[in-house]
Enquirer: 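Just passing along the structure, written as structure tokens.
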Amino acid sequence: MKVLVLGSGAREHAMCWSLSNSPLISKLMCAPGNPGIAEDAQCINIDINNNSEIISLALKEKVDLVIPGPEIPLVNGIIDELDKVNIKAFGPSKEASKLEGSKQFTKSICKLANIPTAKSEFFSKKEAAINYIKNNKLPIVIKADGLAAGKGVIIAQNEDEAINAIENSFNGLFGEAGKTVLIEEYLEGVEASFFALCDGVNAIPLANAQDHKRVGDGDTGPNTGGMGAFSPTPNLTDDLNDNILNNFIQPTLIEMAKRGSPFQGILYAGLMLTKNGPKLIEYNVRFGDPECQVILTRMKSNLFEAILSAVDHTLENFHLRFYDEVALTVVMASNGYPGKYKINSIITGIDEANNIKGVKVFHAGTTTDSEKNILSNGGRVLSITANARNIEEARILAYQAIKKIKWSNGFYRNDIGKTSF
Ligand code: AMP
Ligand code: GLY
């Protein structure tokens, strides 16, 4: 089969790396891809935020299956568009992608399906939002309703911060996404990510992981897309995994099917493990990045067969197997990220890092120059992933590998996997 992956991050590199050993795939393509992905797939430079460019490419290359990595093509309805031209795709429809694209939609599903989540209210008028702040407990969480690349969430410790966040959102800081604001109860606890592979009716767990979202050591500084992750997380016991599958994922699938938008693809639950049990912070409709890197390097089953089973609605008979090993990944990012950063600085030593047994370096924002040097080309640039018997050994291995990489303009967190359990 001819397969087209969409995306250019370390997540998509891990996906292509994993798919590249499938005997069922005769040609693996990735749009737009990156120099790391180019080792596993043919990279084709198109704009994946533009549905018609994807459709033209898929038709021209006679693609049998499209696998989007990031949320934007899904929220833009690429699955529905591909369906119109009879091309199979792995991922939710535009309507089902609202589980990520609209917090308001997800909150309504939570209410209908009885899914535990933080108490919240939506506001489309600044004054009413400010009034609500004045009458509720601090800290309090302010969120833009739509997609804001992980940056639309402010945890306000005091009233001034809360009012400032509301004003910024209504003044257009998050564009259209911030025209409706969600104000939510602050949840205290440890975060965990749970992934399920779904075929519209059935869901099977795709392993869990813990992400490190803040930019700085000790969980300080602003939120990022994720600075590192490990899988599995000891915080999610077998009982909790069952609880999440039965009380979050399954009721969501039932509710989505009931309203005529069955969910096919990866459902990613971002959870807060509070003293009153797990609560849903958000749904995403795709793999997490960097969580994908640690899940796929642990996967024993063939990823492509698992994806086909979800697309063909036959997950009921599918078993996903994972190695017992732990995987941990450390993200190297450009100085300044998640704010402004410079690109085009040379990175060396990636091969030396990859030569360490148990280590795989996934590329995100990289490019090459005319002499084939690897240059930085984005915020998050590399994801150094190590597999070992336990978290501690995987940490040591990942940081050993990072020492081999020479990049004057990059930084990373020193404490990935050092969370308290
Ligand atoms: P979200 O974009 O909704 O996933 O939020 C981004 C991050 O903000 C989460 O990963 C949490 O670290 C934090 N967060 C979001 N909502 C809450 C909440 N209600 N209570 C505490 N932290 C939260
Ligand atoms: N690592 C968080 C995300 O992919 O949304």
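First listed ligand is number 1; within each ligand, the first listed atom is number 1.
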Enquirer: Select one of side chain, backbone, both or neither to describe which atoms of E188 lie under 4.0 Å from any atom of ligand 1, heavy atoms only.
Expert: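 E188 to ligand 1: no contact under 4.0 Å from either part.
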
Enquirer: Specify side chain, backbone, both or neither for R286, according to which of its non-hydrogen atoms lie closer than 4.0 Å to ligand 2.
Expert: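 Within the 4.0 Å criterion, R286 contacts ligand 2 through side-chain atoms alone.
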
Enquirer: Show the atoms of ligand 1 that are less than 4.0 angstrom away from any heavy atom in K143.
Expert: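 Under 4.0 Å from K143, ligand 1 has these atoms: 3 (O), 15 (C), 16 (N).
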
Enquirer: Hey, is V153 touching ligand 1 through its side chain, its backbone, both or neither, going by heavy atoms under 4.0 Å?
Expert: side chain

Enquirer: Does any non-hydrogen side-chain atom of R259 lie less than 4.5 Å from one of I109?
Expert: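 The answer is yes; the side chains approach within 4.5 Å.
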
Enquirer: So if I count the atoms of ligand 1 from 1 in the order they appear, which ones are less than 4.0 Å from some heavy atom of I281?
Expert: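 The list of qualifying atoms is 3 (O), 4 (O), 15 (C), 16 (N).
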
Enquirer: In ligand 1, which numbered atoms sit nearer than 4.0 Å to a non-hydrogen atom of K103?
Expert: 2 (O), 3 (O)

Enquirer: Of G225, P290, G270, which has the heavy atom at the shortest distance from atom 2 (C) of ligand 2?
Expert: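 The nearest heavy atom belongs to G225.
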
Enquirer: Do D312 and K88 sit within salt-bridge range, that is, some charged N less than 4.0 Å from a carboxylate O?
Expert: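 So D312 pairs with K88 through a salt bridge.
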
Enquirer: Show me which atoms of ligand 2 lie under 4.0 Å from any heavy atom of G288.
Expert: 4 (O)

Enquirer: Does an N or O from K213, backbone or side chain, lie closer than 3.5 Å to an N or O of ligand 2?
Expert: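 No, there is no polar N/O contact under 3.5 Å.
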
Enquirer: Could you establish whether R11 and ligand 2 come within less than 4.0 Å of each other, counting only heavy atoms on the residue side?
Expert: no

Enquirer: May I ask you to list the atoms of ligand 2 that are less than 4.0 angstrom from any heavy atom of Y268?
Expert: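 Answer, ordered by atom number: 1 (N), 2 (C), 3 (C), 4 (O), 5 (O).
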
Enquirer: For ligand 1, which atoms sit closer than 4.0 Å to a heavy atom of K213?
Expert: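 With K213 as reference, the close atoms of ligand 1 come out as 10 (O).
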
Enquirer: Under a 4.0 Å N-O cut-off, is there an ion pair linking E325 with R389?
Expert: no

Enquirer: For V381, does its backbone N or O pair with a side-chain atom of H363 as donor and acceptor, under 3.5 Å?
Expert: no

Enquirer: Numbering the atoms of ligand 2 from 1, which are under 4.0 Å from a heavy atom of D211?
Expert: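 So the answer, numbered in order with elements, is 1 (N), 2 (C).
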
Enquirer: Using 30° and 60° as the class boundaries, would you call the ring planes of Y399 and Y412 parallel, tilted or perpendicular?
Expert: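 Tilted, since the angle between the ring planes falls between 30° and 60°.
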
Enquirer: Show the atoms of ligand 1 that are less than 4.0 angstrom away from any heavy atom in E184.
Expert: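 Counting from 1, the qualifying ligand atoms are 16 (N), 17 (C), 18 (C), 19 (N).
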
Enquirer: Using side-chain hydrogen bond (donor to acceptor under 3.5 Å, both in side chains), reason through K342 and S334 one step at a time and then give a plain yes or no.
Expert: CA-CA 7 Å; K342 293 196 178 115; S334 296; over 6 Å; no

Enquirer: For the residue pair F195 and F287, categorise the inter-ring angle as parallel (less than 30°), tilted (30 to 60°) or perpendicular (more than 60°).
Expert: tilted

Enquirer: Is the shortest distance from a heavy atom of K279 to ligand 1 less than 4.0 Å?
Expert: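 No, K279 has no heavy atoms under 4.0 Å from ligand 1.
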
Enquirer: Out of all atoms in ligand 1, which are within 4.0 Å of some heavy atom of Y186? Include the element for each.
Expert: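 In order of number, 20 (N), 21 (C).
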
Enquirer: For N223, counting its heavy atoms only, list the atoms of ligand 1 lying under 4.0 Å from any of them.
Expert: 6 (C), 7 (C), 8 (O)

Enquirer: Please report whether the ring centroid of Y132 lies less than 6.0 Å from that of F123.
Expert: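 Yes: the rings meet the under 6.0 Å criterion.
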
Enquirer: Going by the closest heavy atom to atom 20 (N) of ligand 1, which one wins out of I140, L187, L280?
Expert: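 Of the listed residues, L187 has the closest heavy atom.
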
